[in-house]
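As the structure is a computational prediction, the values presented were derived from the model and not from experiment. These values consider heavy atoms only, across backbone and side chains, with no hydrogens, waters or symmetry-generated copies. Chain letters run A, B, ... following the sequence lines, proteins first and then strands; every chain starts at 1.
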Amino acid sequence: MTSNRSKNGTGMIEFRGVNKWFGTLNVLRDITLSVEPREVVVVCGPSGSGKSTLIRCINGLETIRDGDLVVDGQRLGDPATNMTRLRTEIGFVFQSFNLYPHKTALENVTLAPIHVRKIPRAEAEKAGRELLAKVGLADKVNAYPAQLSGGQQQRVAIARCLGMRPKIMLFDEPTSALDPEMISEVLDVMVAVAEEGMTMMVVTHEMGFARKVAQRVVFMDAGAIVESGTPDEFFSHPKTDRSRAFLSKILRH
Amino acid sequence: MLENFSFRTIVEYLPLFGQGLVTTVWLSVLSFAGALAVGIGLAAMNLQRGRLFRIPAKAYIDAVRATPLLAQLYFLYFGLPRLGIILPELVVGILALSLNSGAYVAEIIRAGILSIPRGQVEAGVASGMTYVQRMRLVILPQAFKVTIPPLLGQAIVLVKDSALLSLIAVAELTRAGQLLASDRFMPAEGFITIAAFYLLLYYGLKGLAALSGRWLGLAGART
């Protein structure tokens, strides 16, 4: 689905010939990828293929060696780019949630809006309660993370990102640390976010999610993008041996 | 044997012990406050990426931990006047305890900050917090909780170390025991009494540690 790609080729997220090394290991190889506004891209591939590193570069949790990475019109690594400011536009959902354990669910959601966005406390709390209600946790507003299940914690983490009103949301294997029965409650929230038109990049192996909301699936192996296509193309007619081998492993059971 | 043990003399000297106890308490409080200030400063230096601050902090901490407190105390008490700095004994004593204990406090604080999982830092970074905001809102409140118990342990060590100040004639608790021992030749009475008072202080601090533990547990410290 390339119809929504803008003519000049400047998407919300633009990788152009990006490379990254960890020591001598080439973890990202010549990545070129454009994500359009409101597009949902699922990134999959075997473990160690560089999927997480790819999305961690977008908000500067990792830095790139060479190539260009332009996010929301700002070039990363450019002295003119205020990285701290740019990060407020990018929500990041971690595999291990990373909620603040000393803060309640509501405080987790309102902390950055109050201190980073400088939104008045009352207003931030009102928005925070609405967001927690939206992710189905209206009754857990005052609970600490330790009192919540993994699925509930991840939903708070998504609400925490939404509280910043980001333009982009990045998800790094958001359901990999969850018990099976909690995966769908998190995916449902992610589907709802996608349907509201959020620009999303999601590292996941949840193929049901990909089919439901993704415009594109990107398959990575050994640091390179091997294949990219619509979920239907990718799942039904994988083009490369490596993607076929990968799919046969994750779809077998 | 016990007929030689004079409880009456102990009672007679109680006001002296009381004064000594009070002195030990407030000089320990002041010294610990000083140690916290020194420790926070050193820990902040030690956590910097740049060597400019890290190397002097590490050198200081090593120097303090590698040498006896008594040597440090004598250096300040006998050495400083030779350098033209003359301070009252009590000030020298508080200074020595602050500078000594500060090195240990610095390591406790540093360990506390480093014990906070990397994911917490990343969560703060990802939401656009500056370094100072991350420290203030995310890292320090969590580190604070894990450092309280070892800091109280260090406070107990400091109280006992303050006994060394008797050697530079500070009229604290141990000095009171020495006076009884030398005035009346009653070392058993003198030193058993101060031991009892130190035990009292120890239980006081331990109670405080238990209270703080309960309070921290209530505040949702578990992860």
Tell me, side chain or backbone of [X] under 4.5 Å from chain B's heavy atoms, or both, or neither?
X      : answer
R85(A) : neither
T84(A) : both
F94(A) : side chain
L99(A) : backbone
I90(A) : backbone

| request: Would you give the length of the straight line joining atom CD of E173(A) to atom CD of E206(A), rounded to the nearest 0.5 angstrom? | output: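 Atom-to-atom, E173(A):CD and E206(A):CD are 10.5 Å apart.
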
| task | Could you tell me which of H115(A), R117(A), M164(A) has the largest number of non-hydrogen atom pairs under 4.5 Å with chain B? | result |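 That would be H115(A).
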
| query | For atom CZ of F78(B), is the number of surrounding heavy atoms from other residues, nucleotides or ligands below 6.0 Å larger than 12? | reply |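 Yes, enclosed.
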
| task | Would you check if there is a donor-acceptor pair between the side chains of S52(A) and D172(A) at a distance under 3.5 Å? | result |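 There is such a pair (donor and acceptor under 3.5 Å, judged by atom type) between the side chains of D172(A) and S52(A).
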
| task | Using distance alone, with no hydrogens and no angle criterion, decide if N100(B) and Q72(B) have a side-chain donor and acceptor under 3.5 Å apart. | result |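 Per modelled atom types, N100(B) and Q72(B) side chains form a pair under 3.5 Å.
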
| Residues two or more places apart in sequence or in another chain: which of them pass ring pair (Phe, Tyr, Trp, His ring centres under 6.0 Å) with F32(B)? |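 For F32(B), no residue satisfies ring pair (Phe, Tyr, Trp, His ring centres under 6.0 Å) once neighbours in sequence are set aside.
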
| field | Part of R136(B) within contact of chain A (heavy atom distance under 4.5 Å) | value |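 It is the side chain, since no backbone atom gets that close.
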
| request: Name the region of Q133(B), side chain, backbone, both or neither, that has any atom closer than 4.5 Å to a heavy atom of chain A. | output: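 When you check distances to chain A, only side chain atoms of Q133(B) fall under 4.5 Å.
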
| Do E14(A) and R16(A) meet the salt-bridge criterion of a basic N to acidic O distance under 4.0 Å? |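 Here R16(A) pairs with E14(A) in a salt bridge, since their nearest N and O are under 4.0 Å apart.
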
